[in-house]
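What follows is a short report on a single structure.
First listed ligand is number 1; within each ligand, the first listed atom is number 1.
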Amino acid sequence: MAGTLYDKVFDAHVVREVSENQHQIAVDVHLINEVSSPQAFEDLHERGLTVAHPERTFACADHSISTGGDVRRFDDALCEAQVQLLARNTRASSIPYFDPMKAMHGIVHVVAPERGLTQPGMVIACGDSHTSTHGAFGTVAFGIGTSQVRDVLASQSLVMEKLKVRRIAIEGELAFGVFAKDVALHVIHRLGAKGGLGYAYEFCGSTVERFSMEERMTLCNMAVEGGARCGYVNPDRTTFDYLKGRAFAPEGAAWEAAVRRWQDIASEPDATWDDEVVVNVGDVGPMVTWGTSPDQSVPVDLPVPDPAGAGDEETGWRAAMEFMGMVPGEPVSGTRIDTAFIGSCTNGRLSDLEAVAAFLRATDRRVASGVRAMIVPGSRAVLKAAASRGFDTLFEERGFELRDAGCSLCCGMNADKLVGPQVCASSSNRNFRGRQGSPDGRTFLMSPVMVAAAALAGEITDVRAFPDATPDGGGRS
Ligand SMILES: CC(C)[C@H](C(=O)O)[C@@H](O)C(=O)O
Ligand code: SF4
């Protein structure tokens with residue numbers, strides 16, 4: 001069957017066309033969280049409706065949860081109420097809940113793939129924009145608003161438009177110190193934070209083919225920061241190998257049949273894309289943002305650009321630079337930091353922690369004095385795997401706090417927040433003003449290894465400039 005993966009999956013899920021380019025589509029897996037579901041459940045109950053498919057609905061409490069070691073402690077009454085409501089609503093509707101008191105707790109975009117819930121060819125919806133992460137598996141996965149969460153709870157379907165598809169071929173070998181996160185930041189820089197509006201991004205090319213599933217998740221996670229509603233990678237052997245044996249993955253004959261089905265849904269070579277872009281990443285360096293939008297980034301060894309060359313964006317660039325304390329023509333490196341945050345659904349997976357551990361082992365330095373450095377695994381499974389490799393001791397010996405799983409400082413919706421105008425080197429995906437819980441806080445996005453380097457140096461620094469860093473420590477994550 002000719003066509004793109006997006007077309008094939010979307011078309012296979014259409015229940016009916018509601019109006020011109022508005023389709024009711026079936027949802028295979030609905031992920032819910034404590035932030036965007038309480039109102040949806042309330043609306044549902046007000047209409048006298050019940051959850052249509054609790055067995056296709058899965059819940060995590062991730063944004064509001066404390067990562068300080070006791071998940072029963074809350075920063076404020078709203079956080080506590082949201083988590084309690086999620087527990088109550090899931091219990092009342094028999095929805096599986098990855099309870100924060102239990103071993104499978106974590107950020108929903110980390111937990112669902114770990115469990116094997118995310119599978120090729122599915123439509124996955126969640127009231128959270130970074131649902132695009134699941135596209136790494138050849139899944140059409142996107143964020144929805146609270147009223148759509150209600151619709152999916154009630155009907156296991158929702159109404160949406162069909163997107164255009166942009167094929168983004170990423171080519172080249174990543175240099176030492178360059179990671180999937182740098183590729184994501186580079187692509188967004190090149191195509192713009194709004195460049196993907198109305199599109200699904202299909203990531204392909206030799207770089208993506210070589211990427212692990214965790215690297216693909218990092219890339220797809222950030223598709224939404226480039227304005228795309230979803231991003232995906234065609235499923236291949238890497239995808240199948242990752243999924244095999246996971247809790248929700250099919251088994252035996254069903255596994256063989258699933259793999260055949262999954263192979264069929266990849267985009268055909270003669271498919272038609274609405275747009276095609278080639279991005280060469282062989283000469284991309286470690287990226288760092290200088291502004292308040294994820295596309296405002298520069299390789300760490302280049303100066304902050306001149307807003308005079310930014311056309312329509314000049315005013316926005318100037319405002320962002322002023323807020324961030326950046327000077328055109330001056331390097332971002334050398335900016336003193338107060339906080340270092342390694343975690344989030346972008347970069348809180350085991351391979352991220354492995355890359356950080358390898359980097360730390362290649363140096364003997366500790367976190368610079370005055371810097372608070374936090375490592376927050378995306379899930380308890382990641383935390384456990386990290387501990388079994390001895391990373392807990394390593395991180396703590398070097399002055400990093402290894403915390404419990406959750407969104408933590410990514411969004412400042414829990415006790416982990418910046419204070420005042422603090423500067424944070426962060427491995428997360430958004431650098432919007434106030435993003436990390438302080439209206440004046442300043443966020444610089446970069447890869448987890450670059451965050452670790454900043455933590456040791458006390459300032460944003462080029463990881464490649466660490467004299468004792470080795471290619472192993474700077475390898476891809
Ligand atoms: C709070 C939640 C709905 C939000 C999102 O939609 O992405 C959050 O996860 C974020 O990263 O900003
Ligand atoms: S880790 Fe950050 S980006 Fe991901 S779901 Fe949580 S708040 Fe959103």
Side-chain angles (χ1 to χ4, degrees), residues 30-40 58-67 75 78-79 82-83 86 98 100 105-114 118 124-136 141-150 152 181 184-185 188 193 214 217-231 292-294 341-349 352 374-380 382 403-418 424 426-437 441 443 445 448 451:
H30 184 202
L31 304 172
I32 60 174
N33 63 38
E34 79 283 19
V35 177
S36 53
S37 72
Q39 187 63 45
F58 297 86
C60 284
D62 40 19
H63 294 76
S64 325
I65 211 80
S66 165
T67 63
D75 188 39
L78 176 65
C79 292
Q82 285 178 329
V83 174
L86 187 68
F98 297 109
H105 160 69
I107 306 172
V108 73
H109 311 310
V110 178
V111 170
E114 266 170 2
T118 305
I124 296 188
C126 173
D128 188 287
S129 52
H130 296 100
T131 308
S132 60
T133 312
H134 306 263
F142 45 83
I144 54 177
T146 297
S147 55
Q148 286 181 308
V149 173
R150 174 203 61 208
V152 183
K181 176 60 160 289
L185 287 171
I188 298 167
E214 299 202 348
M217 283 190 252
T218 299
L219 185 61
C220 291
N221 174 277
M222 292 205 65
V224 71
E225 303 310 329
R229 187 80 183 273
C230 58
T292 52
S293 169
F341 171 62
I342 294 169
S344 85
C345 59
T346 316
N347 279 128
R349 296 190 174 77
D352 300 309
M374 299 161 69
I375 301 185
V376 187
S379 70
R380 287 232 176 91
V382 171
R403 295 173 72 87
D404 196 4
C407 295
S408 180
L409 197 54
C410 174
C411 58
M413 294 170 80
N414 49 73
D416 305 337
K417 291 182 171 68
L418 295 186
C424 182
S426 175
S427 73
S428 63
N429 49 35
R430 286 186 172 159
N431 52 352
F432 307 155
R433 277 187 192 210
R435 169 69 178 175
Q436 293 185 286
T443 308
L445 302 177
V451 176

Heavy atoms, side chains only, cut-off 4.5 Å: are R229 and F142 in contact?
-> yes
Which atoms of ligand 1 have any heavy atom of H130 under 4.0 Å away?
-> 7 (O), 11 (O)
Under 4.0 Å from a heavy atom of C345: give me the atoms of ligand 2 that qualify, with their elements.
-> 1 (S), 3 (S), 4 (Fe), 5 (S)
Contact flag H63/atom 2 (Fe) of ligand 2, N/O/S atoms, threshold under 2.8 Å = no
Closest to atom 6 (O) of ligand 1 among protein heavy atoms sits S129 N, 2.9 Å
Check each heavy atom of C411 against ligand 2 and say whether those closer than 4.0 Å belong to the side chain, the backbone, both or neither.
-> side chain
If we only count N/O pairs under 3.5 Å, is N429 in contact with ligand 1?
-> no
F58 vs F98 aromatic rings, parallel, tilted or perpendicular, using cut-offs 30° and 60°?
-> parallel
Would you mind telling me if ligand 2 is within reach of the side chain of N429, the backbone, both or neither, using heavy atoms under 4.0 Å?
-> side chain
List the closest protein heavy-atom neighbour of atom 3 (C) of ligand 1: residue, atom name, distance to the nearest 0.1 Å.
-> G127 O, 3.7 Å
Any idea which protein heavy atom is nearest atom 11 (O) of ligand 1, and the distance to it?
-> R435 NH2, 2.8 Å
For R435 and ligand 2, answer yes if some heavy atom of the residue is under 4.0 Å from a ligand atom, otherwise no.
-> yes
Side-chain donor-acceptor pair present, H109, N221, cut-off under 3.5 Å = no
Looking only at protein heavy atoms, which one is nearest to atom 8 (C) of ligand 1, and how far off is it?
-> H63 NE2, 3.4 Å
Short list, please: which atoms of ligand 2 are under 4.0 Å from a heavy atom of H130?
-> 3 (S), 8 (Fe)
Heavy atom under 4.0 Å from ligand 2: found in N221's side chain, backbone, both, or neither?
-> neither
Looking only at side chains, do H63 and N414 share a donor and an acceptor under 3.5 Å apart?
-> no
Atom 4 (C) of ligand 1 - nearest protein heavy atom and its distance = D128 OD2, 3.8 Å
Contact check, side chains of L78 and S64, non-hydrogen atoms, under 4.5 Å | no
Hey, is K417 close enough to D75 for a salt bridge, meaning N to O under 4.0 Å?
-> yes
